[in-house]
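Here is the structure we will look at.
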Amino acid sequence: MDLSLYIHIPFCKSKCFYCSFASYPGQEDMIDAYLDMLEQEAASYDRPPCSTVYIGGGTPTYLSAMQLERVLGIVRDYFSRDEGSEFTVEANPATFDRAKAKLLLHSGVNRVSLGVQSLHDDTLRWLGRPHTAAEALESYQLLRDAGFKNINLDFIYALPHETQDQVKADLEAIEALGSEHISLYALSIEEGTDLSHRQIQPLEPDRQADDYRMVVLFLKACGYAQYEVSNFARAGYLCEHNMHYWRGGDYIGLGASAHSHILGHRFWNAAAVSEYVSLMKTKGLARAGEERLTPQQRLCETFLIGLRMCEGVWLEGLEQKFGVMLEERQKALVRQFIEEGLLEEYAGVVRTTLQGMLVLDEMCAQLC
Ligand code: SF4
């Protein structure tokens, strides 16, 4: 079975104003107990082979070098992976230094995803990021100096106060850095976040659509291929871990809030650190829920998530794989979206058009 491994480190220096992830500042005293339980959870697997590994958060680099080394040791001791297979760790410029860069590289990590978000200090402050633009650039240089040859930079665009000229200037500065991979996410204002409490309104949809088109065209012109709604890479640098997930592959998730999916069995852990630790201690697993997906559900989910990728989805192949067909109602909707120019079909492969990517969530809501 082709498996990917995800490990969630839910600790952060502070809470960014837009963040709705399972991430918690001020819980440093829980870190060692959390890592004990993470190791216990890893030990419950029988050293399965994993084609990709991704340590995300939260902020993995918020851990001390010794704690980070322990997490890397969990990957080494409890999972098997081919040398050179993709191994990504997320890093935050506020909690990164030369020693951590070297530790990651010497532990087999070959891809780092750096959360830059903006190259302007006023925007970083507005987002509640705990670092400056200079610190982000310094972290990027530390990664290059250490020898990393596969770096992703995360950015946020479509901020309500940003003009198109500012977005364009940002894109030029981002491109000049020369990273192998860029993830660009439109700011979304999620319930429960600081931005939503302050009733900050998102950029109006038309402007957001204009910015998105500009981002896609600009990065394409600079040699980055778009391969997913928000992801762009130079040739040979697609994120294999995410592709595995978008292609409907199986994965193991360790840690608070982490989801796993193995052959149609989906299960997920408690999101709060204290609950995760307590459940692991008392029950030996921290499961908050589980479900067994029917072949019809698996077909539908794999089809919908596949529409995120520019390579599209070979629908007939998926129907053969799961032994069921997409419902007539769904097929009629697919035909309607093709007529509307939101999807396109060639040789049985259905793909989302640039126009469709702007309304993909709405399309998926209708299709499911
Ligand atoms: S660093 Fe990332 S996970 Fe942590 S609060 Fe900010 S956005 Fe959320």
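Just so you know, these numbers use all the heavy atoms, side chains as well, and skip hydrogens, waters and symmetry mates. One-based numbering, in listed order, for ligands and for the atoms of each.
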So is R287 actually on top of F267's ring, under 6.0 Å and inside 45° of the axis?
yes
Considering only heavy atoms of Y18, which atoms of ligand 1 have at least one such atom less than 4.0 Å away?
7 (S)
For atom 8 (Fe) of ligand 1, decide whether C19 has an N, O or S atom at a distance under 2.8 Å.
yes
Do the rings of W126 and H161 sit parallel, tilted or perpendicular, given the 30° and 60° boundaries?
perpendicular
Counting from 1 in the order shown, the ligand 1 atoms closer than 4.0 Å to a non-hydrogen atom of T59 are 1 (S), 4 (Fe)
Is the contact between C16 and ligand 1 made by the side chain, the backbone, both, or neither, using heavy atoms and a 4.0 Å cut-off?
both
S14 heavy atoms, cut-off 4.0 Å: which ligand 1 atoms fall inside?
5 (S)
With heavy atoms of N92 as the reference, note each atom of ligand 1 found under 4.0 Å away.
1 (S)
Has R111 got its NZ or CZ under 6.0 Å from the middle of the six-membered ring of Y54, at an angle within 45 degrees of the ring axis?
no
Kindly assign one of parallel, tilted or perpendicular to the pair Y212 and Y157, based on the angle between their ring planes and the thresholds 30° and 60°.
parallel
Please compare S20, P10, G115, C12 and report which has the shortest non-hydrogen distance to atom 4 (Fe) of ligand 1.
C12
Does the ring of F87 carry R81 above it, NZ/CZ under 6.0 angstrom from centre and within 45° of its axis?
no
Under a 4.0 Å heavy-atom limit, does K13 contact ligand 1 with its side chain, its backbone, both, or neither?
neither
Under a 4.0 Å heavy-atom limit, does P130 contact ligand 1 with its side chain, its backbone, both, or neither?
neither
Measure the acute angle between the ring planes of Y251 and Y245, then classify it against the limits of 30° and 60° as parallel, tilted or perpendicular.
perpendicular
